[in-house]
Number of protein chains: 2
Amino acid sequence: MVQTQILSKNQQMVFQIIEKAKGPLKAYSILNDVQKKGIKAPLQVYRALDKLLELGKIHKIESKNAFVACKNSNCEITKATAFSICEKCEKVTEINNSKLSNYLSDFQDNTGMKYNKYNLEFFGFCKKCK
Amino acid sequence: MVQTQILSKNQQMVFQIIEKAKGPLKAYSILNDVQKKGIKAPLQVYRALDKLLELGKIHKIESKNAFVACKNSNCEITKATAFSICEKCEKVTEINNSKLSNYLSDFQDNTGMKYNKYNLEFFGFCKKCK
DNA sequence: TTAATAAATGTTATAATATAACAAGCCGTT
DNA sequence: AACGGCTTGTTATATTATAACATTTATTAA
């Protein structure tokens with residue numbers, strides 16, 4: 001049987017909150033939200049987050065320890081991510097630029113290392129804030 | 001008077017440990033080391049780290065919450081950093097590639113945002129581990 | 001359909017990472 | 001000497017994340 005990936009109950013709850021949010025959410029703020037709906041402990045949130053990351057449904061903004069829903073419709077596995085982050089209003093946007101992703105996916109340094117994943121975070125001021 | 005930037009006592013102690021290390025160090029492992037030399041509390045380490053980051057003497061590897069000494073001799077302010085990270089042996093190397101840094105510094109997305117800083121982390125297997 | 005196995009959940013406790021708040025010292029300048 | 005800025009010391013606490021173990025639910029395979 002073909003496995004349509006269905007999210008479990010907790011995974012769904014966590015995902016919906018992240019998806020609806022206007023910006024990146026922190027784990028404990030998610031916890032706060034889902035506590036109304038039955039989840040009680042941090043670990044339940046972190047487990048859902050781990051799974052969602054693995055599925056590529058969400059990404060982690062490392063510089064903020066926060067999570068956003070993936071906006072690239074077909075992104076099933078997180079292996080090449082780029083974000084722009086406004087240092088004033090904290091707005092985060094996932095960059096979807098094939099030139100950039102091709103450039104980075106093909107990038108080779110002089111160490112003979114073969115990359116299979118990258119994460120890029122740009123910082124600056126967004127149109128509103130500059 | 002011309003201010004030659006001198007590191008303070010704690011800043012120096014913390015910097016030396018990071019500089020000598022073979023790989024990225026975590027804040028509390030640094031604390032552990034410097035406790036022999038008088039520093040007692042996490043905050044003393046974090047304050048030194050903040051200053052060293054600000055001066056560009058060290059960088060933070062966001063995906064690891066760990067710190068490395070800057071290897072680009074002239075890097076006085078951290079505004080464009082790129083690292084390669086081995087997922088097996090955890091080796092971290094600072095990438096010093098002017099093509100890459102030019103490409104990224106000039107990068108413009110379609111949101112009209114002006115970037116003044118970026119951080120890029122590549123993941124894969126190093127020559128030894130692949 | 002049942003037994004086996006894998007995935008997800010629930011729960012308590014605790015580890016690891018980082019900052020708040022306040023007091024005091026050092027050092028160069030005026 | 002007095003001021004201002006930076007650095008230090010210290011205690012407490014906030015924030016982020018995982019360990020360990022028991023249980024339940026879902027999926028697969030006999």
Side-chain angles (χ1 to χ4, degrees), chain A residues 1-18 21 23-68 76 78 90 92 119 121, chain B residues 1-18 21 23-68 90 92 119 121:
Chain A
M1 179 206 173
V2 180
Q3 171 63 330
T4 318
Q5 180 64 55
I6 299 289
L7 298 178
S8 75
K9 182 165 65 80
N10 288 0
Q11 289 158 18
Q12 230 163 18
M13 279 170 49
V14 168
F15 181 59
Q16 281 174 11
I17 285 171
I18 297 174
L25 293 183
K26 305 225 160 201
Y28 277 72
S29 120
I30 294 168
L31 174 59
N32 199 57
D33 280 3
V34 294
Q35 272 174 336
K36 301 162 199 158
K37 300 176 188 166
I39 285 182
K40 287 184 183 155
L43 194 45
Q44 294 170 289
V45 171
Y46 279 104
R47 284 198 284 228
L49 290 172
D50 281 350
K51 191 70 188 186
L52 293 168
L53 285 168
E54 191 188 317
L55 295 171
K57 307 281 287 178
I58 63 171
H59 303 302
K60 182 172 186 182
I61 308 300
E62 294 285 358
S63 60
K64 291 177 162 296
N65 297 317
F67 303 87
V68 294
E76 294 199 350
T78 299
E90 311 254 296
V92 170
N119 179 53
E121 297 180 6
Chain B
M1 178 209 172
V2 180
Q3 171 64 332
T4 317
Q5 182 61 57
I6 299 287
L7 299 178
S8 76
K9 182 166 66 82
N10 288 359
Q11 289 158 17
Q12 229 162 20
M13 280 170 49
V14 168
F15 180 60
Q16 281 174 10
I17 285 171
I18 297 173
L25 293 183
K26 304 225 162 203
Y28 276 72
S29 120
I30 294 167
L31 174 59
N32 199 58
D33 280 2
V34 293
Q35 273 175 335
K36 301 162 197 157
K37 299 176 190 165
I39 285 184
K40 287 185 182 155
L43 193 44
Q44 293 171 289
V45 171
Y46 278 104
R47 284 198 283 226
L49 289 172
D50 282 350
K51 191 69 188 187
L52 293 167
L53 285 169
E54 194 188 315
L55 296 172
K57 307 280 288 176
I58 64 171
H59 303 302
K60 182 172 188 183
I61 309 299
E62 293 285 357
S63 60
K64 293 179 161 295
N65 296 317
F67 303 86
V68 294
E90 311 253 297
V92 170
N119 179 54
E121 298 180 6

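Since the structure is predicted, the reported quantities are computational estimates derived from the model, not experimental observations. Heavy atoms only: backbone and side chains are in, while hydrogens, waters and symmetry mates are out. First the proteins, then the strands, lettered A, B, ... as listed; each starts at 1.
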query: Which of these nucleotides, D/dC21, D/dA17, C/dT12, is closest to any side-chain atom of A/A41?
result: C/dT12
message: For B/E62, is there any backbone N or O sitting under 3.5 Å from a side-chain donor or acceptor partner on B/E121?
response: yes
- request: Could you state the atom-to-atom distance from CG of A/N65 to P of C/dA18 in whole Å?
  value: 8 Å
field: Distance test, side-chain N/O of A/N10 to OP1/OP2 of C/dA7, below 4.0 Å
entry: no
Could you pull out the protein-nucleic contacts involving nucleotides 4-6 of chain C (nitrogen or oxygen on both sides, under 3.5 Å)?
none

query: Hey, which of these two, B/K40 or A/D50, hits DNA chain D nearer its 5' end, going by closest nucleotide?
result: B/K40
- prompt: Can a side chain N or O of B/K51 be found less than 4.0 Å away from OP1 or OP2 on D/dT8?
  reply: no
field: D/dT8 OP1/OP2 closer than 4.0 Å to side-chain N/O of B/S8
entry: yes
task: Would you indicate which nucleotide in C/dT9, C/dA21, C/dT19 comes nearest to any side-chain atom of A/K9?
output: C/dT9
- prompt: Can you tell me how far the CD1 atom of B/I58 sits from the NZ atom of B/K51, to the nearest 0.5 Å?
  reply: 12.5 Å
- prompt: Under 4.0 angstrom, heavy atoms only, what part of the nucleic acid is B/L43 near: base, sugar-phosphate, or nothing?
  reply: base
task: Please report the closest heavy-atom contact between B/I18 and B/F67, naming both atoms and the distance.
output: CG2-O, 3.9 Å
query: To the nearest 0.5 Å, what is the distance between NZ (A/K9) and NZ (A/K37)?
result: 11.5 Å
- request: Could you check whether A/K64 gets within reach of a base, just the sugar-phosphate, or nothing at all, counting any heavy atom under 4.0 Å?
  value: nothing
message: Under 4.0 Å, heavy atom to any atom of DNA chain C: which of residues 24-35 of chain B qualify?
response: B/K26, B/Y28
- request: To the nearest Å, give me how far apart CZ (B/F67) and C1' (C/dA16) are.
  value: 13 Å
message: D/dT8, OP1 or OP2 - any side-chain N/O from B/Q44 closer than 4.0 Å?
response: no
- prompt: How far does CD1 of A/I39 sit from CD1 of A/I30, to the nearest 0.5 angstrom?
  reply: 9.5 Å
task: Write down the distance between CE (B/M13) and C1' (D/dG9), rounded to a whole number of angstrom.
output: 13 Å
message: Under a 3.5 Å distance rule, please check whether B/K26 uses its side chain to pair with a backbone N or O of B/K64 as donor and acceptor.
response: yes
